[in-house]
Protein chains: 2
Amino acid sequence: MTTIKQVASYAGVSVATVSRVINETGYVHEDTRRKVEAAVKQLNYKPNEVARSLYKKKSRLIGLLLPDITNPYFPLLARGVEDRMQENDFRIIFGNSDEDRQKELDYMDTFTQNNVVGVISSTNDPDADCYAKLKIPVVFLDRTSSDSLSVYADGAYGGRLAAQEMVARGSKQITVLQGPTHIRPAQDRFRGAVEELQQSNITYHVVETTSFSFKDAESWAKELFRKHPDTDGVIASNDIVATAVIHEAHRLGKKIPDDVQIIGFDDIPLSSLLFPPLSTIRQPAYEMGWEAAGLLIQLIEQSQATKSSTPNLHSKILTHSSIQLPVKFIERETTRKVDYHG
Amino acid sequence: MTTIKQVASYAGVSVATVSRVINETGYVHEDTRRKVEAAVKQLNYKPNEVARSLYKKKSRLIGLLLPDITNPYFPLLARGVEDRMQENDFRIIFGNSDEDRQKELDYMDTFTQNNVVGVISSTNDPDADCYAKLKIPVVFLDRTSSDSLSVYADGAYGGRLAAQEMVARGSKQITVLQGPTHIRPAQDRFRGAVEELQQSNITYHVVETTSFSFKDAESWAKELFRKHPDTDGVIASNDIVATAVIHEAHRLGKKIPDDVQIIGFDDIPLSSLLFPPLSTIRQPAYEMGWEAAGLLIQLIEQSQATKSSTPNLHSKILTHSSIQLPVKFIERETTRKVDYHG
DNA sequence: TTGTATGCGTTATCAC
DNA sequence: GTGATAACGCATACAA
């Protein structure tokens with residue numbers, strides 16, 4: 001690796017001057033600039049980010065912590081984050097937490113030890129100590145917290161919407177799969193659905209579920225149709241679980257959507273490829289990642305500005321502006337057609 | 001952040017001593033050690049990885065470059081890499097290349113600028129300059145190169161296997177979807193399949209395809225049944241493409257597997273959830289990531305050893321030991337049952 | 001407009 | 001056994 005020193009001597013100037021031209025800071029004569037630029041090009045010089053990071057106490061790295069990239073919901077989030085970050089010259093240190101407290105802690109240590117300037121985390125406990133202690137901006141993704149910045153979809157409304165669409169399409173005996181109680185967004189949508197059902201005076205049952213794993217979901221699907229055989233509409237806690245319900249319905253010889261309608265949640269890429277293609281409530285995962293990254297970048301730039309200048313009254317300061325993105329009903333073929341519907 | 005200096009003064013010793021105890025290098029009196037350890041704990045000291053990296057010219061970071069984490073084949077690879085790296089206290093800077101040369105170059109710059117100690121890349125051009133110039137170990141994942149270390153699945157055999165199984169199950173008019181020509185593993189499996197078919201004296205046709213996108217695949221599926229309406233067996237270039245073929249077969253009212261058998265490639269998580277569940281050639285993606293990480297770690301440790309000591313004749317040096325992992329036929333329901341088959 | 005010198009937090013070398 | 005101190009590559013305050 002060629003260093004700034006080598007560039008300097010090659011160009012016949014001091015390191016300070018080289019630094020000035022590559023950072024476009026301070027005055028430098030046009031001729032000198034050209035000499036330096038030539039040297040930079042000639043030696044193919046790329047500044048050492050580590051040295052920069054050490055001196056400035058801040059890097060161009062951000063930390064991204066997701067529960068499990070293997071869960072089909074997360075790749076889109078990750079991609080949204082990466083694209084926006086890449087555009088703004090930030091790189092990503094990535095980790096899976098498995099929703100495990102210890103792994104989460106470890107990664108937060110990793111992040112701080114590497115001088116990351118911000119983190120995006122999809123955690124079940126945004127109020128955990130390790131986040132409060134962080135002295136850099138944090139944005140919570142897909143997980144809400146009362147007093148931290150976060151980007152999430154409108155789960156409660158999504159739940160209502162699922163219930164509305166199901167009722168509008170004629171289901172009378174609806175079973176709702178609750179979703180893991182420790183995952184806030186799962187509970188939001190569950191509550192939304194139940195509220196709507198209650199207001200509509202529809203008979204409904206609830207089956208408790210404790211994970212989003214397909215394997216577990218298969219047994220809940222069985223339980224569902226065993227305990228509530230008259231079910232003619234299932235609101236699943238997410239698309240994976242909905243998939244298991246579809247399978248079980250097939251197995252029982254039930255016609256979808258004539259005997260039973262099914263609505264999922266998320267709209268993961270898989271959903272449109274199922275048979276029948278799954279009607280679901282879409283969370284705009286890519287956009288969520290994108291927005292979270294944008295918010296974080298804003299916070300990062302803000303915190304730099306705050307430190308270096310006197311408070312600027314003209315620039316609006318972000319203190320608590322979480323972003324809630326809209327969800328949308330995606331009508332496919334596990335729900336019946338309905339005339340009035342646009 | 002607390003620094004080594006603070007720990008030193010808190011413990012009443014010099015920074016050198018603190019460094020010795022945290023790195024377990026050199027002599028240090030038992031009492032001193034205890035004092036330092038207490039200070040470390042008290043102040044919750046965590047060494048600054050950036051400063052370490054600057055001094056030692058090597059970090060605990062590795063670079064991972066994948067085409068697109070949004071493609072369902074890659075999350076498992078990534079997870080395999082992450083798990084193994086995490087176990088060995090390496091962290092990951094992650095990026096998507098979109099198979100775009102420029103993005104690839106940019107990420108290689110990022111990696112070197114951040115002092116990563118190794119990179120794992122899934123590139124179409126392992127012989128590209130940017131890899132040759134790298135002075136750190138590189139392992140190519142899922143992409144082969146004649147003279148670089150790589151971890152990949154036995155694509156040629158996978159192709160043969162697909163053809164064998166299809167023939168053994170009675171297909172007489174087989175169509176093979178070729179897969180993108182610029183993606184080496186796609187061509188390996190294609191050639192394998194074609195060779196097997198030729199040896200078996202089976203009539204077959206080839207439909208060219210240029211991507212793995214589902215959207216494109218839909219039109220190739222149409223083309224396939226239009227040009228070769230007698231097709232009673234399809235060997236798809238991967239599971240995504242196979243999915244499109246299933247859809248088209250449904251649309252045409254063809255019975256699967258009675259009218260047409262379909263075999264995919266990869267065994268992405270989606271495949272078992274399709275209807276009918278897709279028979280496919282499984283690549284052990286998670287294991288591949290895991291092995292690639294293991295190989296890279298070995299190379300990293302080796303290169304450190306080589307630098308610091310005189311060549312050790314007793315330790316075997318890895319110069320060219322690529323790892324080829326076995327593929328396997330996963331029998332599901334897009335292929336017919338056959339008696340002889342164990 | 002440019003150069004010198006200092007420090008960022010660590011590790012390693014060398015005296016003591 | 002332990003402590004100064006130089007060095008890693010860079011950016012900046014300050015002097016010139």
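Lettering follows sequence order; numbering is per chain, from 1.
Regarding A:Asn115, its CG atom lies at a distance of 9 Å from the P atom of C:dG9, rounded to whole Å. Here the C1' atom of nucleotide D:dT12 and the CZ atom of A:Arg20 are 9 Å apart, to the nearest Å. In this structure, A:Asn114 atom CG and C:dT10 atom P are separated by 12 Å, rounded to whole Å. For A:Glu24 and D:dT12, the CD to P distance is 13 Å, given to the nearest whole Å. One atom, CZ of A:Arg34, and another, P of C:dT1, lie 14 Å apart when rounded to the nearest Å. For B:Arg60 and C:dT10, the CZ to P distance is 17 Å, given to the nearest whole Å.
The residue from A:Val119, A:Leu65, A:Val116 that alone fulfils the side chain to side chain contact (heavy atoms under 4.5 Å, CB included) condition with A:Ile93 is A:Val116.
Inter-residue side-chain proximity for A:Val18 and A:Val13 is flagged as met; some heavy-atom pair is nearer than 4.5 Å.
The aromatic ring centroids of A:Tyr152 and A:Phe140 lie 6.0 Å or more from each other.
Annotation: salt bridge (Lys or Arg N to Asp or Glu O under 4.0 Å) contacts involving residues 59-70 of chain B, sequence neighbours excluded, comprise A:Arg79-B:Asp68.
Between B:Asn23 and B:Arg52, the side chains place a donor N or O and an acceptor N or O closer than 3.5 Å (distance only, hydrogens not considered).
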Please tabulate, one pair per line, each protein N/O and nucleotide N/O from nucleotides 8-11 of chain D that are separated by under 3.5 Å, including the distance.
residue: D:dC8; atom: O3'; partner: B:Lys57; partner atom: NZ; Å: 2.9
residue: D:dC8; atom: O2; partner: B:Tyr55; partner atom: N; Å: 3.3
residue: D:dG9; atom: OP1; partner: B:Lys57; partner atom: NZ; Å: 2.5
residue: D:dG9; atom: N2; partner: A:Ala51; partner atom: O; Å: 3.4
residue: D:dC10; atom: OP1; partner: A:Tyr45; partner atom: OH; Å: 2.6
residue: D:dC10; atom: OP1; partner: A:Asn48; partner atom: N; Å: 2.9
residue: D:dC10; atom: OP2; partner: A:Ile4; partner atom: N; Å: 2.4
residue: D:dA11; atom: OP1; partner: A:Asn23; partner atom: OD1; Å: 3.4
residue: D:dA11; atom: OP1; partner: A:Asn23; partner atom: ND2; Å: 3.3
residue: D:dA11; atom: OP1; partner: A:Arg52; partner atom: NE; Å: 2.5
residue: D:dA11; atom: OP1; partner: A:Arg52; partner atom: NH2; Å: 3.2
residue: D:dA11; atom: OP2; partner: A:Ser19; partner atom: OG; Å: 3.2
residue: D:dA11; atom: OP2; partner: A:Asn23; partner atom: ND2; Å: 3.3

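The residue B:Thr32 sits close only to the backbone: its heavy atoms come under 4.0 Å of sugar-phosphate atoms, none of a base.
Remark: A:Ser14 is not in phosphate contact with C:dT2, judged by side-chain N or O atoms under 4.0 Å from OP1 or OP2.
Taking the six-membered ring for Trp and thresholds of 30 and 60 degrees, A:Trp290 and A:Tyr286 have nearly parallel ring planes, at less than 30 degrees apart.
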